[in-house]
Participant: 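Encoded as structure tokens, here's the structure I'll be asking about.
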Protein chains: 2
Amino acid sequence: MKMTIYDVAREAGVSIAAVSQVINGKGKISEQRRQEIVQVMERLNYQPSVIASALTGKKTFTLGLLVPDISNPFFAEIARAVEDQSHHLGYSLFICSTDNKKERAERYLSLMQQKRVDGMIIGTGIANKSTLASLMKGRAPVVVIAREAKLAAKTVIIDDYCGGGLAASHLLEQNHVQVGLLSENEEVSSSRERIRGFVSKWNEAGLNIGADRIRICGDELVQDGKSQAGELLRGPNPPTALFCCNDLLAIGALKAAKELGLRIPEDVSIIGFDNTILAELTDPPLTTVAQPTKQMGQLAVDSLIEMLESGEKNDERIVLQPELVIRQSTAIKR
Amino acid sequence: MKMTIYDVAREAGVSIAAVSQVINGKGKISEQRRQEIVQVMERLNYQPSVIASALTGKKTFTLGLLVPDISNPFFAEIARAVEDQSHHLGYSLFICSTDNKKERAERYLSLMQQKRVDGMIIGTGIANKSTLASLMKGRAPVVVIAREAKLAAKTVIIDDYCGGGLAASHLLEQNHVQVGLLSENEEVSSSRERIRGFVSKWNEAGLNIGADRIRICGDELVQDGKSQAGELLRGPNPPTALFCCNDLLAIGALKAAKELGLRIPEDVSIIGFDNTILAELTDPPLTTVAQPTKQMGQLAVDSLIEMLESGEKNDERIVLQPELVIRQSTAIKR
DNA sequence: TTGAAAGCGTTACCAG
DNA sequence: CTGGTAACGCTTTCAA
């Protein structure tokens with residue numbers, strides 16, 4: 001049933017070498033022979049085996065994408081952008097959700113290497129440097145997306161520090177003084193940067209943020225965001241504004257506030273990050289810092305393909321600018 | 001740099017066959033030899049090439065998933081469930097978004113075959129029967145998820161017809177008489193079934209739904225949902241309730257209603273389908289019909305693996321029950 | 001038990 | 001131009 005290059009060659013009365021040449025458009029064959037062979041291939045519905053081709057050292061035309069969670073809308077959007085550009089350029093995509101777990105990430109990475117992906121895009125923290133280091137020594141080029149790489153590596157990212165600052169400025173303009181910050185797990189560098197950027201801007205204004213005001217949330221983003229926000233809001237000297245490192249956390253905060261009978265933004269302002277589709281749907285719509293996901297995904301793939309085609313590793317960082325999207329979850333402090 | 005089975009064999013002073021045996025845990029080797037070989041493999045950080053193994057007729061341990069759009073939260077959730085179960089069972093996953101486009105679907109399908117996936121899960125309409133038919137004649141087993149297959153094929157699905165009925169009953173109980181329905185593109189069988197179920201329940205109650213009350217939306221779900229709902233709501237005899245075939249469409253409807261200054265649910269009730277994460281975030285939270293995505297994804301993978309391990313094709317349909325989740329976007333007609 | 005050798009489907013090099 | 005043939009890395013008989 002399954003046709004091979006031999007079947008085609010036999011049917012066309014030529015050698016497999018000839019067939020191989022027309023498949024790859026290489027070498028010299030008379031136009032007539034080529035035509036004939038093409039015809040036979042179509043007639044037999046022949047499809048070259050990527051597997052066999054890969055075994056001889058050719059590419060697999062497969063890329064890998066590692067994200068924390070594909071069901072998180074932000075990463076789903078990134079994934080879609082990456083997928084589109086990959087397929088556009090002729091590559092298939094393995095998608096893996098790591099839940100930010102070191103073991104999962106390493107397992108997936110090793111799997112991808114065994115399956116000989118041509119390159120990978122990493123959008124998730126990788127626990128230790130040595131993993132990334134050995135990864136980069138491998139044959140497959142790597143680009144890091146939406147995260148700070150721990151080593152010099154090609155990176156497509158937004159200026160998270162600046163994004164945090166954007167949020168801080170917005171809240172500052174609205175006269176907030178008491179704020180609470182919701183961060184992701186410490187491994188998540190983008191989250192750390194956002195917090196750093198926020199705090200630094202806040203300090204510039206001569207204001208302080210107590211360490212107890214910065215809450216680290218676990219992987220159950222909505223859930224943990226809700227409980228941490230709840231603690232902050234119920235505690236002494238409750239914040240009048242909450243900066244959340246992503247929209248999911250912000251949604252948790254929203255829930256906590258509502259549950260406490262607080263009005264948003266009248267009683268407490270909430271600001272998210274990512275500008276996922278969720279942000280425009282919440283009640284009230286969420287003020288958030290936007291990342292250009294489409295563009296990031298596309299750039300990541302382009303860079304990756306360029307690296308693997310040129311064979312040169314490239315450590316350049318592409319830093320895009322975040323943008324504040326003001327909706328109705330933030331207001332002047334009363 | 002890259003270790004092969006030969007390197008291991010040489011280093012361990014045995015034949016490659018011996019190494020192969022310990023890799024696959026087959027054949028008989030003295031425990032001592034096995035230990036030695038394992039040690040060498042670890043020392044050399046040897047990783048068997050899935051590619052080479054596949055070439056000899058073994059599995060690729062790769063599955064393919066086709067969905068309309070991975071950035072649609074419903075499919076992102078399905079994908080996550082499928083991914084988890086796949087990886088749990090040792091398989092990697094290609095994920096492809098087809099946008100419900102025939103050409104894209106066929107291109108992806110062909111790619112997957114060239115890459116010799118062990119099986120595929122189809123969650124998107126495939127334009128013509130012949131494609132599906134030839135697909136199913138291939139070596140790789142297929143299971144259809146969240147969609148009616150056009151041919152006898154293993155299917156994991158909810159009872160969409162019944163789901164439509166659930167929505168209708170809910171609206172009927174609330175005394176609605178004038179309704180509007182928002183459907184997806186005609187190719188989408190689940191959507192058709194939901195509409196059929198809704199209409200039939202409606203008719204049972206002695207009520208009618210004019211053909212002009214059923215609007216087909218394009219692929220820009222939110223966008224198109226909004227414009228179609230807008231037309232309905234602005235038209236003569238506007239509906240007091242809208243049934244939307246998925247949450248995204250419902251969100252569009254929500255937007256249209258708000259833009260027209262209508263209150264929800266006081267002026268118009270809106271009911272969605274899928275119960276994605278979006279549904280609990282909208283303002284007001286969306287009443288919707290839930291699908292058990294986690295379970296569906298898991299069942300699909302389990303069935304697929306079972307088929308490919310047993311080598312038997314299986315046409316069984318697994319039909320799960322949808323469930324009405326009542327939130328605040330629907331209310332008794334005033 | 002262990003090892004030699006024949007594939008698996010392609011590519012690429014090297015003679016005709 | 002064209003065809004034969006040795007890799008590629010692994011699995012699987014089949015002898016020894």
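Small disclaimer: the values here were computed from a predicted structure and weren't measured. Proteins come first, then strands; the chains are lettered A, B, ... in the order of their sequence lines, and each starts at number 1.
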Participant: Tell me which pairs pass salt bridge (Lys or Arg N to Asp or Glu O under 4.0 Å) where either residue lies in residues 36-50 of chain A, with sequence neighbours left out.
Facilitator: A:E11-A:R43
Participant: Report, as a single string ordered 5' to 3', how protein heavy atoms within less than 4.0 Å touch nucleotides 8-16 of chain D: B base, S sugar-phosphate only, - not at all.
Facilitator: BBBBB----
Participant: Kindly write out the residues that satisfy ring pair (Phe, Tyr, Trp, His ring centres under 6.0 Å) with A:F61, not counting sequence neighbours, or none if the list is empty.
Facilitator: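 A:Y91.
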Participant: Report the residues that fulfil salt bridge (charged side-chain N to carboxylate O under 4.0 Å, His left out) with B:E77, sequence neighbours left out, ordered by chain and then residue number.
Facilitator: none
Participant: Considering only heavy atoms, which members of residues 107-117 of chain B lie under 4.0 Å from some atom of DNA chain C?
Facilitator: none
Participant: Taking the axis from the first five pairs and the axis from the last five, what angle separates them in the helix from C:dT1-D:dA16 to C:dG16-D:dC1, rounded to 10 degrees?
Facilitator: 50°
Participant: According to the salt bridge (Lys or Arg N to Asp or Glu O under 4.0 Å) rule, which pairs have a member within residues 300-309 of chain A, sequence neighbours left out?
Facilitator: A:K59-A:E309
Participant: Sequence neighbours left out, what passes salt bridge (charged side-chain N to carboxylate O under 4.0 Å, His left out) with A:R317? Give chain and number order.
Facilitator: A:E148
Participant: Who passes side-chain hydrogen bond (donor to acceptor under 3.5 Å, both in side chains) against B:T98, sequence neighbours left out?
Facilitator: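 side-chain hydrogen bond (donor to acceptor under 3.5 Å, both in side chains) list for B:T98, sorted by chain: B:T124.
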Participant: Can you name the residues that form a ring pair (Phe, Tyr, Trp, His ring centres under 6.0 Å) with B:Y108, not counting sequence neighbours?
Facilitator: A:H87
Participant: From the 5' end of DNA chain C to its 3' end, which nucleotides mark the outer limits of contact with chain A, defined by a 4.0 Å heavy-atom distance cut-off (strictly under)?
Facilitator: C:dG9 to C:dA12
Participant: Would you check, one step at a time, whether the test salt bridge (charged side-chain N to carboxylate O under 4.0 Å, His left out) holds for A:K154 with A:D315?
Facilitator: CA-CA 4 Å; A:K154 180 79 187 190; A:D315 288 356; over 6 Å; no
Participant: Mind checking side-chain hydrogen bond (donor to acceptor under 3.5 Å, both in side chains) for A:D118 and listing every partner two or more places apart, or none if nothing turns up?
Facilitator: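 For A:D118, the residues satisfying side-chain hydrogen bond (donor to acceptor under 3.5 Å, both in side chains) (neighbours in sequence not counted) are A:T60.
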Participant: Does the side chain of A:E106 pick up a donor-acceptor pair with the side chain of A:T131 at under 3.5 Å?
Facilitator: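 Present: a donor and an acceptor within the cut-off.
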Participant: Begin from the C-alpha positions of A:Q35 and A:E31 and carry the test side chain to side chain donor-acceptor pair (under 3.5 Å) through to its verdict.
Facilitator: CA-CA 6 Å; A:Q35 295 288 346; A:E31 188 51 26; 2.8 Å; yes
Participant: Answer yes or no: is there a side-chain heavy-atom contact under 4.5 Å between A:S20 and A:I5?
Facilitator: yes
